[in-house]
Amino acid sequence: MMEVEKTRVLVVDDESVLAGVVANYLDRAGFATRLSGDGLEAVELVDEWAPAVVLLDLGLPGLDGIEVCRRIRRSSDCYIIMLTARDDEDDKLSGLAAGADDYVTKPFSVREVVARVEAVMRRPRPGVRQDRRVLGELTVDPESRSVWVAGEPVDLTRTEFDLLLALSARPGSALTRRELMDEVWGEHWVGDSHIVDVHIGNLRRKLGDPADPRLVLTVRGVGYKLGVGA
């Protein structure tokens, strides 16, 4: 019988005891894990080992978690979940802006961390072939997970692409933050809906749509929609 390869998770935290506990729970949940307490080593491990998920502490010594996140994003679209003891909103926003997909604030339940990893791995993957979606100058290809604006390719993170995919499935329709959270993070995800706003801001910037949005529009008091004929 062919053995199914386990999903790889890299745990990056200089608190070795805590990292070991998290890795142990992930191992028991069926994941393959590796540990790193050093930012530069973590970046190298992502390149060499190609994990599907990185659990990344922001409070690393030397090369901090924000910079590690930026460097990982240069070469990988793996899911990045921040682990942080910082309760400062600015730190969370900085991490999300650097390319993280989600965050968990310490102290946390290890079971919650495992649940977050399982949740991101349940995100829809291309299965039944879906046609390209062409909306004015915006083109979204669900099959290859590619995006173009006016014929120019746009490099998005998985979360940014998943948000755009959800919006482009119903162009012109307003989707609430809760609906977008359910689509992208899963119905059982528990967190601040502000995470949607941060990723939408990143998405707009990459689409060249930040100051006077024409593509991703805000629906006041509701959420967001994709402009028809954008």
Nearest heavy-atom approach of L167 to Y224 is CD2-O, 3.8 Å
Inset, instruction - Could you verify whether a donor N or O on one side chain and an acceptor N or O on the other, from D47 and S75, lie under 3.5 Å apart? - result: yes
Are R177 and D197 ion-paired here, with the side-chain N under 4.0 Å from a carboxylate O? yes
Checklist entry - Do you reckon W148 sits in the same ILVMFWY cluster as L165, going by side-chain contacts under 4.5 Å, direct or chained? => result no
When every non-hydrogen atom of A166 is compared with those of L180, the smallest separation belongs to CB-CD2, 4.0 Å
Give the C-alpha distance, both sets of side-chain angles, the deciding distance and a yes or no for side-chain contact (heavy atoms from CB on, under 4.5 Å) between V53 and I81. CA-CA 7 Å; V53 182; I81 301 175; 4.2 Å; yes
Can you check whether R34 reaches L45 side chain to side chain, under 4.5 Å on heavy atoms? yes
Exactly one of L26, V22, V9 clears side-chain contact (heavy atoms from CB on, under 4.5 Å) with V113, and that residue is V22
Any side-chain donor near an acceptor of the partner, R204 and T218, under 3.5 Å: yes
TODO: Establish, for the pair R158 and F161, whether the NZ or CZ atom is under 6.0 angstrom from the six-membered ring centre and no further than 45 degrees off its axis.
DONE: no
message: Do V46 and P51 make a side-chain contact, defined as non-hydrogen atoms from C-beta onward lying under 4.5 Å apart?
response: yes
Quiz item: Can any side-chain N or O of R8 pair as donor or acceptor with the backbone N or O of W49 at less than 3.5 Å?
Solution: yes
Of all heavy-atom pairs linking V68 and L63, the shortest is CG2-O, 3.8 Å
Heavy-atom count around N24 CG within 6.0 Å, excluding the residue itself: above 12?
-> yes
Tell me if a side-chain donor or acceptor on W185 pairs with a main-chain N or O of D101 at a distance below 3.5 Å.
yes
Donor-acceptor pair, distance only, cut-off 3.5 Å: does the side chain of D13 make one with the backbone of G37?
no
Rounding to 0.5 Å, atoms CG (L138) and OG (S168) come to a distance of 7.5 Å
Value for OG1 (T159) from NE2 (H199), rounded to nearest 0.5 Å, stands at 5.0 Å
Fill in: Worked verdict on E15 versus K106 for side-chain contact (heavy atoms from CB on, under 4.5 Å)
CA-CA 12 Å; E15 295 183 50; K106 297 178 181 178; 3.1 Å; yes
Between L226 and L164, is the side-chain contact (heavy atoms from CB on, under 4.5 Å) condition met? List the steps.
CA-CA 8 Å; L226 198 66; L164 185 58; 4.0 Å; yes
Within the distance-only criterion (no hydrogens, no angle test), does the side chain of E152 pair as donor or acceptor with the backbone N or O of V149 below 3.5 angstrom?
-> no
Across all chains, not counting sequence neighbours, the side-chain contact (heavy atoms from CB on, under 4.5 Å) partners of K206 are V154, L156, T157, E160
Give a yes or no on whether V147 and V134 share a hydrophobic cluster (residues Ile, Leu, Val, Met, Phe, Trp, Tyr; joining criterion: side-chain heavy atoms under 4.5 Å apart).
no
Separation between CG (L58) and OH (Y103), nearest 0.5 Å, reads 11.5 Å
Joining Ile, Leu, Val, Met, Phe, Trp and Tyr whenever any side-chain heavy atoms lie under 4.5 Å apart, the cluster holding V219 also takes in V222
Hey, does V12 have a side-chain heavy atom less than 4.5 Å from the side chain of D57?
no
Tell me, do R170 and L175 make a side-chain contact under 4.5 Å, heavy atoms counted?
-> yes
Looking only at heavy atoms, the pair that brings A169 and R133 closest together is N-NH1, 3.3 Å
Of all heavy-atom pairs linking I80 and G99, the shortest is CD1-O, 4.4 Å
- Message: Within the 4.5 Å heavy-atom criterion, are F31 and E118 side-chain neighbours or not?
- Response: yes
Check your understanding: Would a 4.5 Å heavy-atom cut-off, applied to side chains only, mark S36 and E41 as touching?
Key -> yes
When rounded to the nearest 0.5 Å, the distance separating CG of L60 from SG of C69 is 11.0 Å
OG of S109 to OH of Y25, rounded to nearest 0.5 Å, is 7.5 Å
Exercise. Give the intermediate values and the outcome of side-chain contact (heavy atoms from CB on, under 4.5 Å) for residues R178 and M181.
Key: CA-CA 5 Å; R178 182 69 256 178; M181 288 166 67; 3.7 Å; yes
Exercise. Salt-bridged, K92 to D102, with N to O below 4.0 Å?
Worked result: no
Interatomic distance, CG@L215 vs CG@L207, rounded to 0.5 Å, equals 5.5 Å
Note: A97 and R205 closest approach over all heavy atoms is O-NH2, 4.3 Å
Thinking salt bridges, do E143 and R132 make one under a 4.0 Å N-O criterion?
no
